[in-house]
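The basis for the numbers below is simple: all heavy atoms, side chains too, and nothing from hydrogens, waters or symmetry mates. Sequence lines set the chain letters: A, B, ... in the order given, protein chains first and strands last, and positions in each chain run from 1.
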2 protein chains.
Amino acid sequence: MSPGHTGVTTSGAQDPVIVCETPQDECGVRDVLDRLGDKWSMYVMVELTAGTLRFKELQRRIHGDVSQRMLTLTLRRLERDGLVTRTVYATVPPQVEYALTDMGRSMSHLLKSLADWSIAHRPAIAEARGAYDESHP
Amino acid sequence: MSPGHTGVTTSGAQDPVIVCETPQDECGVRDVLDRLGDKWSMYVMVELTAGTLRFKELQRRIHGDVSQRMLTLTLRRLERDGLVTRTVYATVPPQVEYALTDMGRSMSHLLKSLADWSIAHRPAIAEARGAYDESHP
DNA sequence: CTGTATCCGATTAGATACTG
DNA sequence: CAGTATCTAATCGGATACAG
């Protein structure tokens with residue numbers, strides 16, 4: 001606990017958990033995690049943990065029918081962030097392979113944990129929602 | 001590796017990483033992680049790892065100036081999902097405390113890891129973006 | 001196969017004003 | 001203090017058509 005803490009309330013927390021140099025700064029957290037805010041990045045990262053995938057193959061594996069447009073946009077952003085590599089083979093028809101970079105792999109492990117957590121806790125969450133909706137008419 | 005795999009491509013992956021009973025089903029992944037898709041839930045969860053917080057205190061700790069409206073909406077959704085508890089004290093002025101549930105805490109640990117990862121890799125990502133932007137005119 | 005371009009509807013979130 | 005209500009701007013994502 002921080003030394004200079006005074007006026008303790010019922011709160012057990014005195015300092016923000018995510019601390020930045022300046023309050024306006026996002027410390028890179030927002031910067032990075034906004035990528036998770038979009039609808040597909042997380043799925044792309046997790047599916048690529050299994051190995052290199054072509055565009056079409058990736059599209060097939062992702063739940064919820066990602067459109068061609070959104071998959072392209074998602075992959076471009078991940079590539080720009082240095083999380084995914086894009087390799088083009090000059091064949092006919094064209095073949096493009098996507099894979100995680102080392103940095104991408106280190107991140108995707110965390111995302112996989114979150115995906116696993118979600119699957120494991122789905123029943124509990126569904127139950128909580130039901131209870132909440134009943135008690136809040 | 002799955003037994004019945006045939007027609008191997010250059011891909012190292014044969015089966016989707018996130019596997020659901022039916023292709024249409026989201027296995028709860030989308031269901032749960034859409035919560036992370038919004039702009040503030042992740043920050044709220046991480047800040048609450050430090051302990052119970054009142055509405056105003058939570059608002060102060062969150063970077064990027066979350067509006068009253070958005071913080072309220074975010075907290076209601078997290079409460080509905082069984083991740084956060086809301087305790088109202090009948091005082092004047094009113095006092096409302098928010099805290100993580102056990103389930104919320106188990107999730108917030110994963111989110112904290114992601115936040116830490118983001119901070120640690122911010123320089124690398126910034127560099128990757130710079131390089132990408134230069135090579136893509 | 002792997003994209004790009006355009007249009008449009010849906011969702012999100014910010015600003016502001018007001019309340020118990 | 002801790003909300004709710006309303007309005008609006010911005011963003012996101014889907015559908016479609018077309019191209020290398």
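Of the candidate nucleotides dT4(D), dG14(C), dT4(C), dG14(C) has the atom lying nearest to any side-chain atom of Lys39(B). Considering only side-chain atoms of Arg54(A), the nucleotide from dC1(C), dG13(D), dA2(D) that sits closest is dC1(C). Of the listed nucleotides (dG3(C), dC1(C), dA2(D)), dG3(C) has the atom at the smallest distance from the side chain of Val96(A). Residue Arg77(A) has its side chain nearest to dG13(D) when only dG13(D), dT4(D), dT2(C) are considered.
Here the P atom of nucleotide dA2(D) and the CG atom of Leu73(B) are 16 Å apart, to the nearest Å. Rounded to a whole Å, the CE atom of Met70(B) is 9 Å from the C1' atom of dG14(C). Distance Leu58(B) CG to dC1(D) P: 14 Å, rounded to the nearest Å. Atom P of nucleotide dA2(D) and atom CD of Glu97(B) are separated by 9 Å, given to the nearest angstrom. In this entry the distance linking CD of Gln59(B) with C1' of dG14(C) reads 13 Å, nearest Å. Summarising the geometry, the separation between CG on Leu71(B) and P on dG3(D) is reported as 8 Å, rounded to the nearest angstrom. Atoms CG (Asp38(A)) and P (dT12(C)) sit 13 Å apart, rounded to a whole Å. Here the P atom of nucleotide dG3(D) and the CD atom of Glu57(B) are 15 Å apart, to the nearest Å.
Here Tyr98(A) lies in heavy-atom contact (under 4.0 Å) with sugar-phosphate atoms only. Note on Asp65(B): nothing from the nucleic acid sits closer than 4.0 angstrom, heavy atoms only.
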Original post:
Between Gln68(A) and Phe55(A), is a side-chain contact (heavy atoms from CB on, under 4.5 Å) present by the stated rule, with each step listed?
Top reply: CA-CA 9 Å; Gln68(A) 200 172 46; Phe55(A) 186 90; 3.9 Å; yes

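Put simply, the side chain of Arg69(B) and the base of dA13(C) share a donor and an acceptor less than 3.5 Å apart. With hydrogens and angles left out, the side chain of Gln68(B) and the base of dA2(D) share a donor-acceptor pair within 3.5 Å.
A close approach under 4.0 Å does occur between a side-chain nitrogen or oxygen of Arg86(A) and OP1 or OP2 of dG3(C).
With hydrophobic clusters built from ILVMFWY side chains whose heavy atoms lie under 4.5 angstrom apart, Tyr132(B) does not share a cluster with Tyr98(A).
Each of Ser67(B) and Phe55(A) was assigned the nucleotide of DNA chain C with the nearest heavy atom; the assignment lying further toward the 5' end belongs to Phe55(A).
A salt bridge links Asp116(B) and Lys112(B); the closest N-O separation between the charged side-chain nitrogens and carboxylate oxygens is under 4.0 Å.
Considering only heavy atoms from C-beta on, Val32(B) stays 4.5 Å or farther from His121(A) through its side chain.
Considering CG of Leu83(B) and CE of Met107(B), their distance stands at 6.0 Å, rounded to 0.5 Å.
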